[in-house]
Amino acid sequence: MSITVNKVLYIGANIKLAKTLLSLNSSLVQFDLIHLLSADNLEQIIAADHYQYLISELPVNAAVKARIAEKFTHLDCTYLDNSYLGNTCPANTSLESEVCTEVNMEDDSSKALLVSAEVEAALDCISIPIYYKNMQGKIIACNTYFSQVFGLLPENLINQTLESVLPNGLAKKVHPSKLSMFNDHQVDLLECEIRDVTGIKREFLIREEVADGSELQIGMLFDVSDMNAAKYEIEKERVMLRATADLSSDLIFFKDLESRFIGCNKQFEIFVGCSEADIVGKKDDQLFELNQARMCQAQDAQVIANDETYNNNEYLTYNNGEQHYIYMQKVPLKDKHGKVQGLVAIGRDITEKSLIKKQLELAMLVFENSRDCILVTDGTGVVDSVNDACVKVSGYSKHELLDKEISSFAYGRDYRRLFVDIERGLKKEGKWQGNAVFHTKNGDLSYFWLEVYQIKQQGIKAENRVYSFTDLTKTKHNEEKIKYLSRHDSLTGLHNRIALFNHLEAAIARSAHKSTSIAVLFVEIKDFRLINERYGHNKGDWVLKTVAKRLQQCVSNRDIIARISDDQFVLVIEELDNEQVAALIAQKINQQLSENLIIDDMPVNLSSSIGISISPDDGMDLNSILSNAESAMLRCKKDQSSTYHFYTNELTVHSAHQLELESELKKGFEEDQFEICYLPQYDLNKRQIVAVESLLRWNHPKQGVLSPSCFTMLAEQSGLLIELGLRTFTKSAKQAAKWHQSGINFGRIAINISKLELSQVTLIGSIQQVLLDTGCEARWFEFEIDESLFSSTLPTLQENLLNLSRLGISLTVDGFGAERSVLYSIDKLNIEKFKISKHFIQGVPGYLAGEAMLKSLFVLAHSLGIDVVGDCIDSQSQDNAVCDKTLGNEKNHQPKEAMSATEATFYLRCYKRH
């Protein structure tokens, strides 16, 4: 009888176990064992040869198992992998007949009847910890792998219960799960943690199986520590992947081969309108409207069937009904063998990007077709692009405009200021707008309304500026005319009521801030109605224009004149020095209007009534100051004694007196009623005469001799001060020449000079001409200058001070001590004296503080090489010895008042020291 040789295919690493199991099967007398280490391509391997048995210790896919069972019905299969523990001993295998022998036992001692010697011998060949229990729960057999888990030998575990072997209380804490197998076997699974013999905590799965009617329980321990660790890492990676996907603003989802959803991110949940749990397992037609679902499924089929990537833009409708433009990308999802298992898709919402693109296209069309000139530069002002309108208006070609500095096309000296203002506006608000003037290629000037915007590109530091030019060249004249007419009287060109009110409100605010005064003159032309009736309105209009011109000749450019009715005008004079200035202007107005007008060859005399109010004295708001000026004008119409009236009557009386005095001053200047008097100037340290001071006196025919304090301000207001100053210097120079020829040592002649004189550009030339005409030397003179003038910022004044010093005329600081600025001018100016007033000197001795102050002044002047002078020497000085040695009895002959030229000559002959 021939012995059948069976071919056995074993897949796994424990060849010893396979041979042992095969030897236990009595039907396998001879067998040919084929050993493989991998279960890949298992179906092809089985089909390539005729195998009777298949033993696999490695995991095999359930679908593969099903196909093997369907295709190879003659094949006896045994799967030992722990993924399918229930199939370890299938009921229909011949191997189980020996491993799972059912023997009835009456007591625990009959182990041999339950477990055969062959099975017990094969236990140590199995690398899985395995044990057998009887129905009483006692262990009747186990392998070495099982006992080593607890650090014992197999014989130490025999007749022990599993609960006694496990750590205390572990069996109670862990609840086993019951599984009913397809072959009516009952399987118990228990997962627990046990520390092995090395003390390392391990995770085990205990599997116990008992078949119906059997008295034998087979148990196995599977170390699932690595598997659980791998599961933990997989779960960790899954959570991280989901969290990462949730951070994305894109739609992300996964599908299987049947196009069912198997996962998605938060954004996709928002798109669908439900949670991931409600999405998983469903298809598109269960979530979306039919057309959209069909489109998506067609894309999925294309990706999965053809193993290719899908990319396209499409419109998708969100759960809320909004339609979005999506860039969809679907990629096949493959296993490690490259086999397609589904797909992963990412949808990016490009709705906004698409809109921006359309807007950019539209903006480009607007840019190219705009009637306004549009020019784009980089951050440094270099032109990047221009539109056709810019080329047309400028006359330059695009090539000529590109890569040029935009500032090179600006016009005027202040074009740099324009771009400074633009940069300031861009930095503060990101935009700027205003008027600008640029020149065209042929040199013509173009006026524009310019708007500049700053554009920063997201993600990069570069920025651009957009210049939008609206050409105002053609409309500028009309706009300026409209603006002019809105603020000016159309007939006379003077300001109208609106402009007057705006200007006066601003002037009141400025005067309050600067603590200055404002004068408002309300002027009404007398009997103007009669001119209209007699000569007609055309002639009347001509008269009003003439009146406007004459009024403008009475004020400076900074003052304004407004016409507020047919024959009424208002003048606003700012920064008023005193009320007399307003009176002088009123007098000028009357003088101008009194000049005859010729109408139809007939002379016409005009006159006016003028009312004056002063702010803040007569009002601190617009209505008060105007109404008070009008009230003063109405009083002037009734009272014919004066052509103008102040709102305050006392000012009217005082002003009339001042005007009368001004008239007399002009007459006195014409008749040369002025003479020069002299007063000795003493060196207070040396106590001797060092100069004589030249003082102007007015021999008034009615009031007698008047000092400069009585008429200096009036002379300045009437424009005579500069001529009086020059006349004073001329007469002093002539007297100096006489004294020099007579051998009288007068030292120097000191002349007081005002701020107004020092501010004249012609001052140095006039002085040089006087010196040339009289034959005097510059060193014979010194100018007394108030200390406050040294701090003036007027450039002409400072230049004149420096040029006087260069000319050789000495400078004396008058009123020394009020300002510190003079100390900084000593080095560069020819300052030789500090003049101390007599009020400072008289009475100082006897007061310790006063004497100390006077001595400190001498020390300061001495250290600077400067003399201290005064108008007198105190006769009560306690320093009699010094006085006797220097002046003798001269201290008793100090002149009480200024002397005439003759008196001064006699005094110098008597008391001047050589």
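As the structure is a computational prediction, the values presented were derived from the model and not from experiment.
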Inset, instruction - Would you mind telling me which of D226, L221, V224, V149 makes a side-chain contact (heavy atoms from CB on, under 4.5 Å) with R202? - result: D226

Legend entry - Check ion pair R207-E209 (N to O, under 4.0 angstrom): yes

Inset, instruction - Tell me yes or no: between the side chains of K330 and Q299, is some donor less than 3.5 Å from an acceptor? - result: yes

Inset, instruction - Look only at the side chain of N228 and the backbone of S225, and say whether a donor-acceptor pair between them is shorter than 3.5 Å. - result: no

Legend entry - Residues that T380 engages under side chain to side chain contact (heavy atoms under 4.5 Å, CB included), provided they are two or more places apart: D378, V382

Inset, instruction - Could you list the residues that satisfy ring pair (Phe, Tyr, Trp, His ring centres under 6.0 Å) with H337, not counting sequence neighbours? - result: none

Inset, instruction - State whether a side-chain donor-acceptor pair under 3.5 Å links E208 with Y131. - result: yes

Inset, instruction - Could you check V8, L33, I11 and say which one makes a side-chain contact (heavy atoms from CB on, under 4.5 Å) with I55? - result: V8

Legend entry - Pair listing, ring pair (Phe, Tyr, Trp, His ring centres under 6.0 Å) test, anchored in residues 270-291, at least two apart: F268-F271, F271-F288, F271-Y318

Inset, instruction - State, without any angle test, whether T144 and S147 hold a side-chain donor-acceptor pair at a distance under 3.5 Å. - result: no

Legend entry - Evaluation steps, salt bridge (charged side-chain N to carboxylate O under 4.0 Å, His left out), between E269 and K266: CA-CA 5 Å; E269 290 179 345; K266 284 287 184 184; 3.6 Å; yes

Inset, instruction - Assign the ring pair F253 / F261 to parallel, tilted or perpendicular, where the plane angle (0 to 90°) is split at 30° and 60°. - result: perpendicular

